[in-house]
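Report on one structure; see the data block that follows.
Letters A, B, ... are given to chains in the order of the sequence lines, protein chains preceding strands, and every chain is numbered from 1.
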2 protein chains.
Amino acid sequence: MADKSGEMELFVRAVALGSFSSAARALTITPSAVSKAVGRLEDRLGVQLLDRSTRSIRLTAEGQVYYLDCLRIVNEIDELERTLLARRNVPHGRLRVNSSVPIARRHLLPILPEFLARYPEIELDLSTSDEVLDLIESSADVAVRISPLQNSSLRARKIFDFRRIVVAAPDYLARHGMPARPADLSAHNCLAFNLKMSLNEWPFIEDGRSFTLPVQGNFRADKGDTLHELAVAGLGIARLANFMIDDDLRDGRLVPLLEDFHPNDTMGVYAVFFPQKHMPARIRCFVDFLIEKLGRYTLRVPQEPARRPASPVAHRVA
Amino acid sequence: MADKSGEMELFVRAVALGSFSSAARALTITPSAVSKAVGRLEDRLGVQLLDRSTRSIRLTAEGQVYYLDCLRIVNEIDELERTLLARRNVPHGRLRVNSSVPIARRHLLPILPEFLARYPEIELDLSTSDEVLDLIESSADVAVRISPLQNSSLRARKIFDFRRIVVAAPDYLARHGMPARPADLSAHNCLAFNLKMSLNEWPFIEDGRSFTLPVQGNFRADKGDTLHELAVAGLGIARLANFMIDDDLRDGRLVPLLEDFHPNDTMGVYAVFFPQKHMPARIRCFVDFLIEKLGRYTLRVPQEPARRPASPVAHRVA
DNA sequence: AGGATTTGTGCGTGCCGGTCACAGGGCGGG
DNA sequence: CCCGCCCTGTGACCGGCACGCACAAATCCT
């Protein structure tokens, strides 16, 4: 497999610049290399392309017609590669994103309009699904997930941390009393998950000792949003991600409980994607954008019950 | 200088055939080579062109646009090379031929129509000039010359041999008598050249001894044609190439003299051209054609005064 | 389930294409 | 007018690249 394009490129340069030497200088190789490349080209084609005198070169009749086509092809290759190289750095194309419903509602939807405005050539497909089933195999380029997936063939970048907070409606607390320590939860109606049972083991620290407390009540659901609504309605106590209930805490519809007993109940939200040798710009830009816009949210994790930083709702566009 | 076209070709074949393996089989290389070539291509472009599963390959979005351009360019290169390769074997283009006037008149002109008919894509430029001055440097592709030029950078192929014959008109002989031996020429009016003086030394063999006899008379000219016409007119004795006087010998306008004394007065007519690594087909064909059509003329050189082979005039087209 | 086929990788090696050095030949300048 | 610079071409040498080989992992088919 001879290097046709290389020989053609050298030939074109030599003709354009008028001599092998100048072409060699332009390409920082030796004149010998140019001479041999053109010679190989001629041998391969079986046609003499250049009449060489010791002082100059001149196109033969065949060389002239070949040169024109050659020039066109070389330029086409060059343009093709430059186009591709340029597009490589311009995010474009269909970007398929998958996340859970709450993360989409509270974090993604508010900032996606800005993302689309910043990268007009990106076409975004957002799908929301429960966290359990969906691998990134659900034909998505990026999944916004809780906890880095154990699948080692994936790569995860942390976007922000969040806390889970035990909360209840003031109404509920007025009726059933405020639990003073974790063990008191056994006397309360705790809203539980029916699919992700591990979420019914609430982690606490008491007297310097870490433990998990199984909770139960008279209602279970498969989605945090459901428990959230029922907690606001005063049905019981729930342990919910802080970003789900920012508004309710601010407006007093929910009240945090037992805050001193689970200071480190934090988890990360990650962008998960296939690592590939040549990462499409749209994926890199999207992940960078998520971290740029949502990374500050990490600051909220330290307990600051009195202060009230900007709510994620502030991200919403008017 | 990476082998762009080679990688492109492999990429196109792999996409077209649907797998690296089939492309490898088609090109009789190993799948490893295909895989590595596509990998190099992707590295160079910084873009992933193919999604590979262990069982199949699939074009990425970037790969699709690249593939189309790639296919076009590969086909263009292929077509360009095939076109050139085909044209290489089809004689075409301007063919510049130079010869002396007598050779052109007596040998070339009769057969050139057939040559042009056989090779319609050849455009023939025939120039005639005296033999002395003109090098092949007179911007001709082929020169039809007497005697292989001493310039060693040229190549010569013999087309046919000819003889020089000492002749006179019957009228002249009737008036001045027929010379019996070379020495008798001193009493005759010998028509001589004024430029190529060497032609005034006539070679003879007498009693097994070779010698040259300087001749002279009252008229000199620079062209054999001139001497020829004057000889026919009965002005004197001339030594002329046999092909110039075939008609006159046949029709009795000239009579050969002293034939037994210069049996080997022969010279060759040669096609002279620049040897080059890739000989243009038009040159090769022309020289072959000359030998094909005129080579038989060699048979005339042995003295056959009685017989009368086909005259070169027979070559003339009706 | 297991064989077969496919893609990818690590290693070794052969060869292509480069540099280097030199020859030959024109054109220009001293 | 001749010397010298610069041009192209060739031969020897050699280094890096690209291929083949063997193996691994994965998936499809039987």
What's touching nucleotides 23-30 of chain D from the protein side, N or O pairs under 3.5 Å?
unit_1	atom_1	unit_2	atom_2	d
D:dT27	O4'	B:Thr54	OG1	3.1

Only pairs under 3.5 Å count here: list side-chain donor-acceptor contacts from residues 33-41 of chain A, not counting sequence neighbours, and write none if there are none.
unit_1	atom_1	unit_2	atom_2	d
A:Arg40	NE	A:Glu7	OE2	3.2

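Within the 4.0 Å cut-off from OP1 or OP2 of D:dG9, at least one side-chain nitrogen or oxygen of A:Arg52 is found.
Applying the ring-ring contact (aromatic ring centres under 6.0 Å, His included) test to A:Tyr119 and every residue at least two apart in sequence or in another chain returns A:Phe115. Evaluation of the ring-ring contact (aromatic ring centres under 6.0 Å, His included) rule for A:Tyr66 yields A:Phe11 as partners, not counting sequence neighbours. Residues satisfying the side-chain contact (heavy atoms from CB on, under 4.5 Å) test with B:Ser56, not counting sequence neighbours, are B:Ser53. Shown here are the salt bridge (charged side-chain N to carboxylate O under 4.0 Å, His left out) partners of A:Asp222, two or more places apart in sequence or in another chain: there are none. The salt bridge (charged side-chain N to carboxylate O under 4.0 Å, His left out) test applied to B:Glu121 returns no partner, not counting sequence neighbours.
Less than 4.0 Å separates DNA chain C from at least one heavy atom of each of the following residues of residues 30-51 of chain A: A:Thr30, A:Ser32, A:Ala33, A:Lys36, A:Arg40. Contacts between residues 14-26 of chain B and DNA chain C, defined by a heavy-atom separation under 4.0 Å, are made by B:Ser19, B:Phe20, B:Ser21, B:Arg25.
The list of side chain to side chain donor-acceptor pair (under 3.5 Å) pairs with a residue in residues 280-289 of chain A, not counting sequence neighbours, reads A:Arg157-A:Asp288, A:Arg282-B:Glu62. Residues in residues 14-61 of chain B take part in no ring pair (Phe, Tyr, Trp, His ring centres under 6.0 Å) pair, two or more places apart or across chains. The salt bridge (charged side-chain N to carboxylate O under 4.0 Å, His left out) contacts involving residues 11-26 of chain A comprise nothing, where partners must be two or more places apart or lie in separate chains.
A:Asp3 has its CG atom 11 Å from the C1' atom of C:dC16, to the nearest Å. Going from atom CD of A:Glu9 over to atom P of C:dG18 covers 12 Å, rounded to whole Å. Residue A:Lys277 contributes atom NZ, which lies 15 Å from atom P of C:dT7 at whole-angstrom precision. Remark: P of C:dC16 and CD1 of B:Ile29 are 15 Å apart, rounded to the nearest angstrom. Here the C1' atom of nucleotide D:dT8 and the CG atom of A:Leu10 are 15 Å apart, to the nearest Å.
With contacts defined as side-chain heavy-atom distances shorter than 4.5 Å, the pair A:Asp43/B:Lys277 qualifies.
Taking a 6.0 Å sphere around CZ of B:Arg96, one finds it holds more than 12 heavy atoms contributed by other residues, nucleotides or ligands.
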